[in-house]
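Read the structure below first, then the notes.
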There are 2 protein chains.
Amino acid sequence: MTDRDDSVETIQQEMTAFARRARATAARMHPELSLVSYTLLAHLDDQQGCRATDLAAHYLLDKSTVSRQIAALEKLGFVERRVDPDDHRVQVLHPTEEGAQVLANVTASRRQAFHERLADWDEADLDRFAAYLVRYNAAQERLG
Amino acid sequence: MTDRDDSVETIQQEMTAFARRARATAARMHPELSLVSYTLLAHLDDQQGCRATDLAAHYLLDKSTVSRQIAALEKLGFVERRVDPDDHRVQVLHPTEEGAQVLANVTASRRQAFHERLADWDEADLDRFAAYLVRYNAAQERLG
DNA sequence: CAATCCACGTTGTACTATACAACTACTTCA
DNA sequence: TGAAGTAGTTGTATAGTACAACGTGGATTG
């Protein structure tokens with residue numbers, strides 16, 4: 001086993017451990033908005049509205065999954081649909097005001113949790129860690 | 001927004017993106033052993049056997065969840081139970097030979113996938129990234 | 001322009017992971 | 001020895017997910 005292998009092994013283990021915990025942690029912290037709902041709503045907010053198909057492509061989810069997630073968010077009053085006048089098949093999705101508000105709350109609370117976890121990190125480490133994660137995820141997207 | 005905030009924001013986004021994808025990716029790569037089954041079986045292998053309660057405590061899962069996961073692994077022939085002679089409530093769980101073999105295969109294949117993703121990283125970066133992940137996860141465990 | 005094909009979304013169905021509560025069986029301890 | 005605690009299972013419910021079948025509405029092409 002080389003040092004390189006050791007590092008890769010650790011990265012694998014830690015990423016796996018994190019992935020296992022993430023949903024449950026998110027659910028405990030934000031019962032009002034699951035991790036998936038949160039990311040979908042955040043994407044709508046970020047993109048100033050988009051189609052269900054775009055969400056499915058972006059998050060590698062089946063369109064039926066997105067359809068149901070959006071239906072749930074709509075039922076909660078967090079998302080509204082606007083039929084595209086140029087193509088009646090298309091529904092452009094937007095956060096409602098209430099949805100934007102809830103999103104902002106959850107975002108703030110998540111941000112605070114991350115700040116707490118990272119409180120004793122110095123800025124150089126934070127910066128490098130952030131860059132590594134970006135690089136890792138980019139590679140994962142590239143390689144599937 | 002300070003640089004520090006920017007870094008934390010990026011870390012949050014990237015960890016979230018990773019968490020969202022992890023299960024589906026694992027399931028695609030290893031239909032024979034889900035991420036959860038994999039980690040449970042790996043823990044049994046690593047610990048040379050342990051109790052269901054230990055697994056539940058270690059992975060913050062409900063004992064009923066572990067019970068069902070183990071039942072599934074047993075049905076697949078990957079895990080066997082040995083009743084503790086000193087305490088008839090306790091079942092010590094062990095991977096079977098076949099379970100150990102499947103685990104080894106999945107581990108090898110996961111390891112290879114990680115090596116591919118990280119192929120163009122130099123060793124210093126790998127080492128730092130591994131250390132950051134360990135540090136991050138430790139903080140998360142500490143703070144819930 | 002009609003027939004065909006394609007894109008968008010919904011619904012039926014099924015499965016996995018999960019939690020909580022109620023239960024059984026066993027152990028420990030006062 | 002009886003009460004309390006521990007290990008594990010089972011009943012029930014929920015969330016998230018995929019795949020397949022479908023309906024509807026645009027786009028293309030002979």
Side-chain angles (χ1 to χ4, degrees), chain A residues 16 19-41 44 49-76 78-94, chain B residues 16 19-41 44 49-76 78-94:
Chain A
T16 303
R20 217 189 323 97
R21 270 194 302 252
R23 266 168 216 248
T25 304
R28 244 181 296 121
M29 291 198 332
H30 311 293
E32 75 277 26
L33 209 56
S34 78
L35 189 59
V36 175
S37 301
Y38 171 75
T39 52
L40 295 184
L41 193 53
L44 293 186
C50 72
R51 301 175 304 165
T53 297
D54 301 332
L55 292 174
H58 191 260
Y59 293 115
L60 297 182
L61 294 170
D62 192 81
K63 57 191 176 159
S64 65
T65 301
V66 173
S67 174
R68 286 183 233 265
Q69 289 286 333
I70 293 299
L73 285 171
E74 188 187 27
K75 198 167 168 192
L76 290 168
F78 296 165
V79 159
E80 67 181 19
R81 306 162 191 256
R82 302 180 194 158
V83 172
D84 184 336
D86 294 346
D87 184 340
H88 286 205
R89 292 171 305 183
V90 170
Q91 302 169 3
V92 183
L93 307 169
H94 294 266
Chain B
T16 304
R20 215 190 324 98
R21 270 194 303 250
R23 265 167 217 250
T25 303
R28 243 181 296 121
M29 291 197 332
H30 310 294
E32 75 278 25
L33 209 55
S34 79
L35 189 60
V36 176
S37 301
Y38 172 76
T39 53
L40 295 184
L41 193 54
L44 293 186
C50 74
R51 301 176 305 164
T53 296
D54 300 332
L55 292 174
H58 193 259
Y59 293 115
L60 298 181
L61 293 169
D62 192 82
K63 58 190 176 158
S64 64
T65 301
V66 173
S67 173
R68 286 183 233 265
Q69 290 285 334
I70 293 299
L73 284 171
E74 188 187 28
K75 199 168 168 190
L76 289 168
F78 297 166
V79 160
E80 67 181 20
R81 308 163 189 256
R82 302 180 194 158
V83 172
D84 183 336
D86 294 346
D87 185 341
H88 285 205
R89 292 170 305 180
V90 170
Q91 302 168 1
V92 183
L93 307 168
H94 294 267

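Since the model is a prediction, treat every value here as computed from it, not as a measurement. Chain letters run A, B, ... following the sequence lines, proteins first and then strands; every chain starts at 1.
- If you take NE2 of B/H88 and P of D/dG8, they are 14 Å apart, rounded to a whole angstrom.
- For the pair B/V83/B/V90, no side-chain contact is recorded, criterion being any heavy-atom separation below 4.5 Å from C-beta on.
- Atom OH of A/Y38 sits about 9.5 Å away from atom CE of A/M29, to the nearest 0.5 Å.
- As a whole-Å value, the separation of B/R89 CZ from D/dG8 C1' is 10 Å.
- Residue B/V90 places its side chain closer to D/dA7 than to any other of D/dG16, D/dA7, D/dG25.
- Between A/K63 atom NZ and D/dT24 atom C1' the separation is 12 Å, expressed in whole Å.
- When rounded to the nearest whole Å, the span between CZ of A/R20 and P of C/dA17 equals 13 Å.
- Side chain to side chain, B/S34 and B/S37 meet the donor-acceptor criterion of an N or O pair below 3.5 Å.
- In this model, the phosphate group of D/dG8 is not approached by any side-chain N or O of B/S67 to a distance below 4.0 Å at OP1 or OP2.
- Which of C/dC8, C/dA22, C/dC26 sits closest to the side chain of A/R51 comes down to C/dC8.
- In this structure, the CG atom of A/D87 is 17 Å from the P atom of C/dC6, given to the nearest Å.
- Contact annotation: the side chain of B/L55 approaches that of B/L44 to within less than 4.5 Å [non-hydrogen atoms, C-beta and beyond].
- Residue order along DNA chain D, read from the 5' end via each residue's closest nucleotide, puts B/L93 first among B/L93 and A/V36.
- Closest to the side chain of A/T53, from the set D/dG16, D/dG8, C/dC8, is C/dC8.
- Remark: A/Q91 is not in phosphate contact with C/dC8, judged by side-chain N or O atoms under 4.0 Å from OP1 or OP2.
- Here the P atom of nucleotide C/dG9 and the CG atom of A/L55 are 9 Å apart, to the nearest Å.
- Side-chain to base pairing of B/R68 with D/dT12: one donor and one acceptor N or O lie within less than 3.5 Å of each other.
- Between A/T65 and D/dA18 there is a side-chain N or O to OP1 or OP2 distance below 4.0 Å.
- In terms of polar N and O atoms assigned as donor or acceptor, the side chain of A/S64 comes within less than 3.5 Å of the base of D/dC19 in a complementary pairing.
- Nucleotide C/dT18 holds its P atom 14 Å from the CG atom of A/L35, rounded to whole Å.
- Put simply, CZ on B/R28 and CZ on B/R21 are 9.5 Å apart, with the number rounded to the nearest 0.5 Å.
- For B/D84 and C/dA25, the CG to P distance is 19 Å, given to the nearest whole Å.
- Counting only heavy atoms from C-beta on, A/R81 has its side chain closest to C/dG9 among C/dG9, D/dG16, D/dG11.
- Between B/P85 and A/A24, the one whose closest nucleotide on DNA chain C sits nearer the 5' end is A/A24.
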